Amino acid sequence: MAPHKTLINRTGYPLDVVLIVRKGDHPSLTAGTVNVQLPAGPDHEDMKADERSVQTVTYGNATNIYLNGLELSLEAEGATQSRRRIVAERGMDFDNALNMFDTIEFRFDGKEIVFTSSNAGSTPPTWKLTPVP
């Protein structure tokens, strides 16, 4: 059975997401990508996400079960905001954020795209998808 993630857009803007799938269990190998377009969702926590801005996405297969990275892009206030981050080492925070939780929620703080990872009913940690120097 192929793995899946629930993606929630709370940026207030349409969001393009590329899930980068790991080949096997080694981060240096990529098995492909899955492109997802999430319509704008509410940018306030107290507002329920519109079902259009929430999508459950299937990726990989029985052998390629891990995500290896994310590419995110949105257009806000006349400028395009894009980020790409790839896992460099298994077990690090970013790898765990992608692969130990079933839900990824995206937000835009006015400067950068941030995301939280969680499982249903848990309190999510927040991760910034900032470029690595």
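These figures come from a predicted structure and were not determined experimentally.
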| field | Any L74 side-chain heavy atom under 4.5 Å of L72 side chain | value | no
| said: Under a 3.5 Å distance rule, please check whether N96 uses its side chain to pair with a backbone N or O of G91 as donor and acceptor. | reply: yes
| Hey, what do you get for OG1 (T6) to CG (D102), rounding to the nearest 0.5 Å? | 6.0 Å
| Atom pair OG1 (T103) and CG (L7), whose distance is rounded to the nearest 0.5 Å | 8.5 Å
| remark: H26 and S28 have their tightest heavy-atom pair at ND1-OG, 2.7 Å
| message | If I take atom CZ from residue F101 and atom CG from residue L67, how far apart are they, to the nearest 0.5 angstrom? | response | 13.0 Å
| request: Please round to the nearest 0.5 Å and tell me the distance separating atom CG of N68 and atom CZ of F94. | output: 8.5 Å
| request: Please assess E89 against D95 for the test side-chain contact (heavy atoms from CB on, under 4.5 Å), listing each intermediate value before the final yes or no. | output: CA-CA 7 Å; E89 185 178 337; D95 182 42; over 6 Å; no
| message | Within this structure, what is the CZ-CG distance for the pair F115 and L15, rounded to the nearest 0.5 Å? | response | 12.0 Å
| request: State, to 0.1 Å, how close T11 and R107 come at their nearest heavy-atom pair, and which atoms those are. | output: CG2-C, 3.7 Å
| note | Nearest heavy-atom contact between I104 and S117 is CG1-OG, 4.3 Å
| request: Supply the atom-to-atom distance K111 NZ to Q81 CD, rounded to the nearest 0.5 angstrom. | output: 11.5 Å
| request: Check the pair R22, N99 against side-chain contact (heavy atoms from CB on, under 4.5 Å), reporting the backbone distance first and the verdict last. | output: CA-CA 11 Å; R22 182 180 306 162; N99 293 301; 3.8 Å; yes
| said: Are the side chains of R84 and I20 in contact, using a 4.5 Å heavy-atom criterion? | reply: yes
| request: Look at the rings of F108 and Y13 and say which category their plane angle falls in: under 30° parallel, 30 to 60° tilted, over 60° perpendicular. | output: perpendicular
